[in-house]
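To find a chain, count down the sequence lines: A is the first, B the second, and so on, and within it residues start at 1.
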Amino acid sequence: MNQVYINDAKKHVGEEIKIKGWLFNIRSSGKLMFPEIRDGSGIIQGVVFKNDVSEKVWEDFKNLTQESSVVVTGKVREHPKKPNVYELDVNDVEIVQIAEPYPITPKEHGIDFLMTNRHLWLRSRRQFALMRLRSKIIGFVRNFFDSRDFTLVDTPVLTPAACEGTSTLFEVGYFDNNAYLTQSGQLYNEATAAAFGRVYSFGPTFRAEKSKTRRHLTEFWMVEPEVAYMDLDGVMDLAEEFITEIVQNTLAGCRQELEILERDLSKLEAVKSPFPRISYDEAAEMLKKGFEAGEIEKPFEYGNDFGSPDETYIASQFDRPVMVHRYPAKVKAFYMEPDPADPTKALCVDVLAPEGYGEIIGGGQRMTSHETLLEGIHNHDLPEEAFDWYLDLRKYGTFPHSGFGMGIERCVRWISGIEHIREASPFPRMLYHMKP
RNA sequence: UCCGCAGUAGCUCAAUGGCAGAGCAUUCGGCUGUUAACCGAAGGGUUGUAGGUUCGAGUCCUACCUGCGGAGCCA
């Protein structure tokens, strides 16, 4: 008899199957026990009647503790009370190990305790749903670009110098020199876009900033498409199509996960084209009115970047992601192409997720001219020699191009509707959390 | 880095300055359809650390440590 995964148990009604997993929980009622078995694909309730099993099997189940590893044999049948739910009429068990008292009991726990037990916390129902959702969303992301004939070109994790000069970088020893962990693959994507036209990178990214919020990790995965000959409007179209497809695919293919997470589906169903597109100036005006109406605490100072409460307010005006474009050039990275209509503005866009989830995408059109790019590098006090190869791209067939970056954990956080980004990563790296 | 809050049993939390307690987990017992099952019993404590006030400190004061929440920065 072969092993069957719990997710497939419904295809084996009436058959005897073998499930290899762990004891999730057990309830007993005299001569009847209800062990819940977990195997990584799902959870199934077993039923053990004292009169139907051997003395040894009965005693074995009595001795099992939470998370003990077991191989359970039994016949699949429909739950007598719940339609479309299947249970296992157990007739045998093989104990792999009796687990020591399990720290994560079926009651509430504090976040500190759960984080230090992250390696065990991942076994719980909610974390299971989140990681499955993350896995599927990553699949949707890759499929979106693959199906549009983008080439996946990986960018290096170890880099010789700052990419943007804005964020703080992690420094690591590299033989006799130092190297830095990448904070973005974007500059490399611009090189590969000139070689392959439509590219994307997807990999880990590092920010050494001492951010202590529910939106930040020091290590996160970022997907970054870059397209040759695409302008700002084009990249806004791309981002809109991208987000819409991911949300639609999630709604269609992740019902079970969204149900466990108790996600309000109507909020996701609202995510449809077209997304509102407003300029920085329009957003600033919106904030001014919001302040005058007493809906915001602090007045917004025109010319600055939006703060977190500002973003939340702007996003709260819409039921779907909003795109804010053309920020003042001075608050954005040095490589942003200036707006020909107003050179103090950059051709950039941020996508703000609804429900207060904040920025999930940042992108824009990149600078084409060698001369202005060099100026930008100097204005940001960046070492010119570190960017020689990047400047080369403007010498050998420069081309208009655009792209964006999306943090996968931020996307998962929003779609799953969870409070804190740490639950969107299997082993989140944060300011004061490295272990496990 | 700044602001705010908190640290009591393995975990989640109680305890007017006056005998340190409950639920879960663990061990034992009961129950033939349970759903964080339930009912009964037992074991489990240097109240984050160091000092101070007091007849008496989990409780008040000071410093430190650790964590949480928020801000800035950003995906």
Taking the minimum atom-to-atom distance to the side chain of A/H79, which one of B/A75, B/A71, B/U34 wins?
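Output: B/U34.
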Among B/G33, B/C73, B/A75, the one nearest A/R215 by side-chain distance
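For A/R215, the side-chain atoms sit closest to B/C73.
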State whether the distance check finds a donor on one side and an acceptor on the other, under 3.5 Å, for side chain [X] versus base [N].
X: A/T105; N: B/C11; value: no
X: A/H109; N: B/C11; value: no
X: A/R77; N: B/G33; value: yes
X: A/N51; N: B/U32; value: yes
X: A/E36; N: B/U35; value: no
X: A/E87; N: B/G33; value: yes

Under 4.0 Å, heavy atoms only, any strand: does [X] hit a base, just the sugar-phosphate, or nothing?
X: A/T213; answer: base
X: A/I104; answer: nothing
X: A/G358; answer: nothing
X: A/F34; answer: base
X: A/H433; answer: sugar-phosphate
X: A/F49; answer: base
X: A/K82; answer: base

Parallel, tilted or perpendicular: ring planes of A/Y200 versus A/F150, cut at 30 and 60 degrees:
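A/Y200 and A/F150: perpendicular rings.
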Is there a side-chain polar atom (N or O) of [X] under 4.0 Å from OP1 or OP2 of [N]?
X: A/S308; N: B/A71; value: yes
X: A/K212; N: B/C2; value: no
X: A/K210; N: B/U1; value: yes
X: A/R27; N: B/U34; value: no
X: A/R422; N: B/G69; value: yes
X: A/R125; N: B/U35; value: no
X: A/N117; N: B/G10; value: no

Can you see whether A/F275 has A/R277 sitting over its ring - NZ or CZ less than 6.0 Å from the centre and within 45° of the normal?
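Here A/R277 fails the 6.0 Å and 45° test against A/F275.
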cation_pi(A/K10, A/Y86) dist<6.0 Å, angle<=45:
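No - A/K10 does not lie over the ring of A/Y86 by the 6.0 Å and 45° rule.
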A/F220 ring over B/A75 six-membered base ring, under 5.5 Å and 30°
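Check passed, A/F220 stacks on base of B/A75.
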In whole Å, I'd like the distance from the [atom1] atom of [X] to the [atom2] atom of [N].
X: A/H420; N: B/A75; atom1: NE2; atom2: P; value: 18 Å
X: A/I360; N: B/C74; atom1: CD1; atom2: C1'; value: 14 Å
X: A/D52; N: B/U32; atom1: CG; atom2: C1'; value: 11 Å

Does atom CD (A/E297) have a neighbourhood of more than 12 heavy atoms from anything else shown, all under 6.0 Å?
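Counting neighbours around CD of A/E297, 12 or fewer heavy atoms of other residues, nucleotides or ligands fall under 6.0 Å, so no.
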Minimum heavy-atom distance between A/G363 and A/M336, given as atom pair plus value:
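Scanning both residues, the minimum pair turns out to be O-CE, 4.2 Å.
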